[in-house]
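So the structure is just underneath, and the comments pick up after that.
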Amino acid sequence: QAQVVESGGGLVQAGGSLTLSCATSGFRFRSHAMGWFRQAPGKEREFVAAISWSGSRTYYADSVKGRFTISRDNAKDTVTLQMNSLKPEDTAVYYCAGNSRRTSVTVPEEYDYWGQGTQVTVSS
């Protein structure tokens, strides 16, 4: 059974940093692109960042480019999202997801496996 578990969320002041981790099991991690999405109250889930199965390519939403960094460890089946210079508008539940379809990594419907999410709150 596939499992995706996020951790590392919390409360931080604007300008601060957080590191989100995503631990996976039960599926062939190295065959999946991995992505992070977020959903704020009253808003749709939106793409944040993604990384190819090999780690050679990364993708970012314009709103986080230059501030967030996604990485993966294929030996440990984990994904990390380093978030710097956080802003109040980054406040959301952050989800980690896996995509085996070799299709668009920015579209949530293309992902097969999802975690339960971790709350990130940035105070002003």
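- Proximity of Ser31 to Ser100: side-chain heavy atoms (C-beta onward) are nowhere separated by under 4.5 Å.
- In this structure, Ser52 contributes its side chain and Ala33 its backbone to no donor-acceptor pair below 3.5 Å.
- Gly9 approaches Thr118 most closely through the heavy-atom pair N-OG1, 3.2 Å.
- In this structure a side-chain-to-backbone donor-acceptor pair under 3.5 Å is missing from Gln39 to Val93.
- Looking at heavy atoms from C-beta onward, Leu20 lies out of side-chain contact with Thr80 at the 4.5 angstrom threshold.
- The closest side-chain heavy-atom distance from Thr24 to Met34 is below 4.5 Å.
- Taking the centre and axis of the six-membered ring of Trp53, the NZ or CZ atom of Arg28 falls outside the cone set by 45° and 6.0 Å.
- Results of the side-chain contact (heavy atoms from CB on, under 4.5 Å) test with Met83 over Thr19, Asp90, Val120 single out Val120 as the only residue that passes.
- Taken together through direct or relayed side-chain contacts under 4.5 Å among Ile, Leu, Val, Met, Phe, Trp and Tyr, Tyr94 and Leu18 form part of one hydrophobic cluster.
- Atom OG of residue Ser25 and atom CG of residue Asp77 lie 8.0 Å apart, to the nearest 0.5 angstrom.
- Using bins of under 30°, 30° to 60° and over 60° for the plane-to-plane angle, the ring pair Phe37/Tyr111 lands in the perpendicular bin.
- Contact check for Cys22 versus Val4: side-chain heavy atoms found under the 4.5 Å cut-off.
- The closest side-chain heavy-atom distance from Ile70 to Val79 is below 4.5 Å.
- Outside the 6.0 Å centre-distance limit, the rings of Tyr60 and Phe68 are not counted as a close aromatic pair.
- Annotation: cation-pi geometry not satisfied between Arg38 and Tyr95 (NZ/CZ under 6.0 angstrom from ring centroid, within 45° of ring axis).
- In this structure the side chain of Arg72 reaches within 4.5 angstrom of the side chain of Phe29, judged on heavy atoms.
- You'll find the side chain of Glu46 stays beyond 4.5 Å of the side chain of Glu44, heavy atoms only.
- Glu110 and Thr103 form a side-chain donor-acceptor contact under 3.5 Å, judged by distance and modelled atom types alone.
- Environment of CD in Gln119: crowded, with over 12 heavy atoms of neighbouring residues, nucleotides or ligands closer than 6.0 Å.
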